[in-house]
Amino acid sequence: VRAVVHPLVGVLVSVIVVLTVGYFASGFLGRRMVAGMDRAAKNLPVIRSVYPYTKQLVEFFTAETEFDFDTVVAAPYPTDGVYAIAFVTGPGLRSVHEALGERLVSCFVPTSPMPMTGFTVFIREDRLIPLPISVDEALRVTVSAGVLIPTSETPEELEGALTALGAARERGGSAANEPT
């Protein structure tokens with residue numbers, strides 16, 4: 001087949017088919033067909049237990065609306081005295097507020113090095129420390145396991161100690177022999 005039809009023709013035809021289906025799906029009849037397939041998927045025995053939640057999650061991440069995932073905080077997690085980067089995702093659960101008599105917000109704590117996975121935790125709002133960094137910078141810190149800290153957040157003493165350590169290694173000395 002390659003001798004008769006160039007491989008790029010297949011790619012071009014695929015792109016045209018996808019765009020055409022997308023165009024028709026965005027019209028009145030297309031929306032009705034998509035809604036019908038949606039209802040059918042909700043009625044299939046195995047799929048109906050997973051489909052609504054998967055659809056909601058996909059819509060959450062692909063929505064063009066602004067959501068409150070832009071608040072980066074240091075949250076006491078997994079225990080007091082230990083802090084993790086987290087994103088405030090919502091006001092929390094009413095049942096938890098009423099049971100404890102205090103305001104807890106829901107936070108997503110991403111895990112290193114895969115920030116798509118993580119934990120949803122409910123933490124008292126007054127225990128969160130707002131961080132003056134962007135979501136991109138917070139994700140960079142998480143993916144790099146804390147190696148790539150924004151320069152505005154690097155403690156000067158630590159930076160000086162690391163510079164001195166690097167200079168000592170370049171001279172051939174040992175960090176253990178250097179006075180602190």
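All residue numbers in this chain count up from 1 along the given sequence.
Heavy-atom minimum distance, A41 versus I47: O-CG2, 3.6 Å. Scanning both residues, R103 and H97, for their nearest heavy atoms gives CA-ND1, 3.3 Å. Here the shortest heavy-atom pairing between Y83 and P76 reads CD2-N, 3.6 Å. The two residues L128 and A75 make their nearest non-hydrogen contact at CD2-CB, 3.7 Å.
Note on V135: it clusters hydrophobically with I133, by side-chain heavy-atom contacts below 4.5 Å among ILVMFWY residues. One hydrophobic cluster, built from ILVMFWY side chains closer than 4.5 Å, cannot hold both I16 and F24; they sit in different ones. Note: the hydrophobic cluster containing I123 does not contain L104 (ILVMFWY, side chain heavy atoms under 4.5 Å, direct or indirect links). Both L100 and L93 are part of a single hydrophobic cluster, where members link through side-chain heavy atoms under 4.5 Å apart. The hydrophobic clustering, which links ILVMFWY residues whose side-chain heavy atoms are closer than 4.5 Å, places M37 and Y51 apart.
Between the side chain of S112 and the main chain of T142, a donor-acceptor pair closer than 3.5 Å is present.
Around the CZ atom of R48, the shell of radius 6.0 Å holds more than 12 heavy atoms that belong to other residues, nucleotides or ligands.
Between K42 and D38 a salt bridge is recorded (basic side-chain N to carboxylate O distance below 4.0 Å).
A tilted orientation is assigned to the rings of F119 and Y77, their planes being inclined by 30° to 60°.
Within the 4.5 Å cutoff, the side chain of L131 has no heavy atoms near those of the E137 side chain.
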Given side chain to side chain contact (heavy atoms under 4.5 Å, CB included), test F122 with V105 step by step and report yes or no. CA-CA 5 Å; F122 300 97; V105 296; over 6 Å; no

